[in-house]
Amino acid sequence: MQKSRFSIYKISSIKMNAIRMNTIRIGMAVGVCFLLALAAGCSSDADLPPYPDGSNGDAGMNQPSENEDEITTVPFTITLGGLSGSDGNAKQDGRNTRVAPPGAGSSSSSGTIDEDNGYTETDNVNAVRLIAFRRRVQNNGENTATYDAAVNDIQGFEYDPTNDRVINGKPTLEDGKEDDYLSGKPHKHYVVKGTFGISRGYEYRIIALAYNSQEKSPYPQYEENNVVTTEMLNLKKGTTFQEFKASFASYLVDGDKTDTPNNWLDYLKKIVLTLNNVDCLSRRLITVPQLFYGTLYQQGDATQNPIISSADYQKENLGNNTPTPLVGTLYRGMAEVEVHITHAAHYSITAQTQWYCLLADTVLTQMPLTSYDGFKQGGEPINKYPKKGGTYTAIAYAPFPGEGKEVVLKAFVLPGKTHLAVRIGLKAYPHAHNYQIKAKDMMSSEAATGVIVVDGVSNLFYLRRNHKYVFTYDEQKTLTDSRHLLE
């Protein structure tokens, strides 16, 4: 049978929206002082992340003396809000299949524009980590580092722990920002401002990552585990820019152990010596954080040259001019999946529902961080359980909310192709069932907003970077009928 691919908008009992996730404009840098929101001012040495190798922060390079007359303090601005048209959409400017950008009246799920003050999609961001890589000046002290975007000059840069900061706290809210979603209509954004110290004799590449530093694992027995950890990034003495990457940890549930911290045995529904309906599972749990990514460049630079040269900031070159501020844009790197069950229900009078897990059979756990495109180059998928098992991995969890109440399963994943399912845990026999999210029940639509690309035969969903996919089941029985069983 020839496979067919089609786009999906909604059906009567299953409504499905693929909402263009918002891109986030952010100016970036290090040594930060928040305006208004952080009365304490600049980050201190206590904000420096630990170095796994125990290094003292020399980054394995011969550094010049850090005298005040060899460092130029440069202001920067980080602005959360805006949108990206670089994702290969049907329209080059990315104006199709998108949600209103943060700062322009966005709603987390619906994408509707109500008031001119929405910033829901970035509201949970409470930390920005700025990471610098540097190398000796390559242009003999002349102004402006040369850069060929086609070549993508990344050679020779090494991690600089002295310019690695985690900026914690709620950003300030400012009015009057603009982006192209509302045709230049001013609206509010979150803003962070600070300064970055540029040392004579170096060229820099500066990367920023924004995230929720307080997010915890949602799964029972793992609630004390942070989602974002220092081990997520491979930074240590001597790490080169080419090697820079992020990795996301998963947890293997051991069926031979008990239900204890860091081992949620109830996920496998072990009754006496039997594990129930686990053959399709990898037996792993993961929570991928929502990350926003960007690079720093000089304000007013139309080329957005990511290489910042200290030659541009030397006193003899500046004269009486003030240093050019550094700015940039952070973009959302993940795809987001939400499954809504509007009316939760029990399986039977005795087999009452206890919990839900959203499953994906292809979960990528690593990607390079040398550019925003690295989010589309994810690798290291979670493997099939080596004995008797499958590849479906839990990516989100929600407890049973009560009969007739709404269940929301929400997960972020690296872009890619995957099948999706929901595992439901029950108090009595049959103890658990797995239900695949199907494509064949859905209507095709070519509407510009709410389009999902899917293989209609194999139920394989294509999840794109910076997009949100919302699946709504009006009743739980629509998902849990026999046609959706996946054992």
Side-chain angles (χ1 to χ4, degrees), residues 48-55 59 125 127-133 154 157-161 164 166 205 207-219 222 224-253 262 282-295 330-337 358-386 391-397 411-418 463 465-466:
L48 285 169
Y51 310 117
D53 67 340
S55 70
V125 171
V128 178
R129 184 171 179 181
L130 297 127
I131 304 153
F133 293 80
I154 62 175
F157 289 91
E158 287 192 7
Y159 170 55
D160 176 15
D164 186 335
V166 177
R205 277 179 169 270
I207 303 300
L209 293 172
Y211 51 88
N212 179 1
S213 65
Q214 298 176 353
E215 184 180 8
K216 302 286 187 178
S217 173
Y219 305 102
Y222 303 88
E224 298 302 314
N225 297 349
N226 290 323
V227 172
V228 176
T229 66
T230 54
E231 292 78 19
M232 184 181 76
L233 305 181
N234 66 328
L235 294 171
K236 62 181 181 179
K237 179 180 178 179
T239 299
T240 65
F241 188 62
Q242 299 100 300
E243 297 169 334
F244 187 31
K245 63 184 178 181
S247 301
F248 309 116
S250 62
Y251 305 105
L252 176 65
V253 181
N262 290 316
S282 70
R283 304 194 187 184
R284 287 189 173 270
L285 320 170
I286 193 170
T287 304
V288 177
Q290 178 177 209
L291 296 179
F292 304 89
Y293 176 97
T295 58
L330 284 190
Y331 296 105
R332 189 190 316 270
M334 305 301 182
E336 182 179 355
V337 179
L358 178 60
L359 310 178
D361 74 337
T362 301
V363 179
L364 306 176
T365 65
Q366 189 178 100
M367 82 282 195
L369 288 175
T370 53
S371 73
Y372 181 53
D373 280 344
F375 287 85
K376 297 195 294 185
Q377 299 166 11
E380 298 297 323
I382 292 178
N383 294 323
K384 180 179 179 179
Y385 185 69
T391 56
Y392 276 92
T393 296
I395 59 175
Y397 164 87
F412 295 98
V413 294
L414 286 174
K417 299 180 290 185
T418 188
L463 306 179
R465 177 183 63 178
N466 199 28

Working for side-chain contact (heavy atoms from CB on, under 4.5 Å), residues Leu463 and Val413: CA-CA 8 Å; Leu463 306 179; Val413 294; 3.8 Å; yes

Heavy atoms only: give me the nearest Tyr293-Thr370 pair and the separation to one decimal. OH-C, 3.3 Å

Note, Leu291 side chain near Met334 side chain (heavy atom, < 4.5 Å): yes

Just wondering, do Phe412 and Val227 contact through their side chains at under 4.5 Å, heavy atoms? no

Just so I know, are the side chains of Leu233 and Ile131 near enough to count as touching, which here means a heavy-atom distance under 4.5 Å? yes

What heavy-atom pair brings Ser217 and Tyr251 nearest, and what distance separates the two atoms? OG-CE1, 4.4 Å

Can you measure from OG1 (Thr230) to CZ (Arg129) and round to the nearest 0.5 angstrom? 8.0 Å

Could you walk me through whether Lys216 and Asn225 pass the side-chain hydrogen bond (donor to acceptor under 3.5 Å, both in side chains) check? CA-CA 6 Å; Lys216 302 286 187 178; Asn225 297 349; over 6 Å; no

Answer yes or no: is there a donor N or O on one side and an acceptor on the other, between the side chain of Ser250 and the main chain of Ile286, under 3.5 Å? no

Of all the heavy-atom pairs spanning Pro289 and Met232, show the shortest one and how long it is. CG-SD, 4.1 Å

Mind running side-chain contact (heavy atoms from CB on, under 4.5 Å) on Thr240 and Phe133 for me, showing each step along the way? CA-CA 8 Å; Thr240 65; Phe133 293 80; over 6 Å; no

Work out which heavy atom in Val228 is nearest to a heavy atom in Asn212; give both atom names and the distance. CG2-O, 4.3 Å

Find the distance between NZ (Lys376) and CG (Leu414) and round it off to the nearest 0.5 Å. 13.0 Å

Whether Phe244 and Phe241 hold their rings parallel, tilted or perpendicular, with breakpoints at 30° and 60°: tilted

Main-chain N/O of Asn262 paired to Tyr219 side chain as donor or acceptor, under 3.5 Å: no

Please examine the side chains of Ser247 and Asn234, heavy atoms only from C-beta on, and report whether any two atoms are closer than 4.5 Å. no

Nearest 0.5 angstrom please: Ile154 CD1 to Glu243 CD, how far? 10.5 Å

Is the shortest side-chain heavy-atom distance between Arg284 and Val363 below 4.5 Å? no

Find the distance between OG1 (Thr239) and NZ (Lys245) and round it off to the nearest 0.5 Å. 10.0 Å

List the atom of Val337, the atom of Leu358, and the distance in Å for their closest heavy-atom pair. CG1-CD2, 4.1 Å

State the OH-OG1 distance between Tyr392 and Thr418, to the nearest 0.5 angstrom. 7.0 Å

Cation over ring, Arg465 on Phe375, under 6.0 Å and within 45°? no

Ignoring hydrogens, what is the shortest heavy-atom contact between Ala127 and Ser213? Give both atom names and the distance. CB-CB, 3.8 Å

Measure the spacing between CG of Leu364 and CZ of Phe248 and express it to the nearest 0.5 Å. 10.0 Å

Taking C-beta and beyond as the side chain, do Tyr159 and Asp164 meet within less than 4.5 Å on heavy atoms? yes

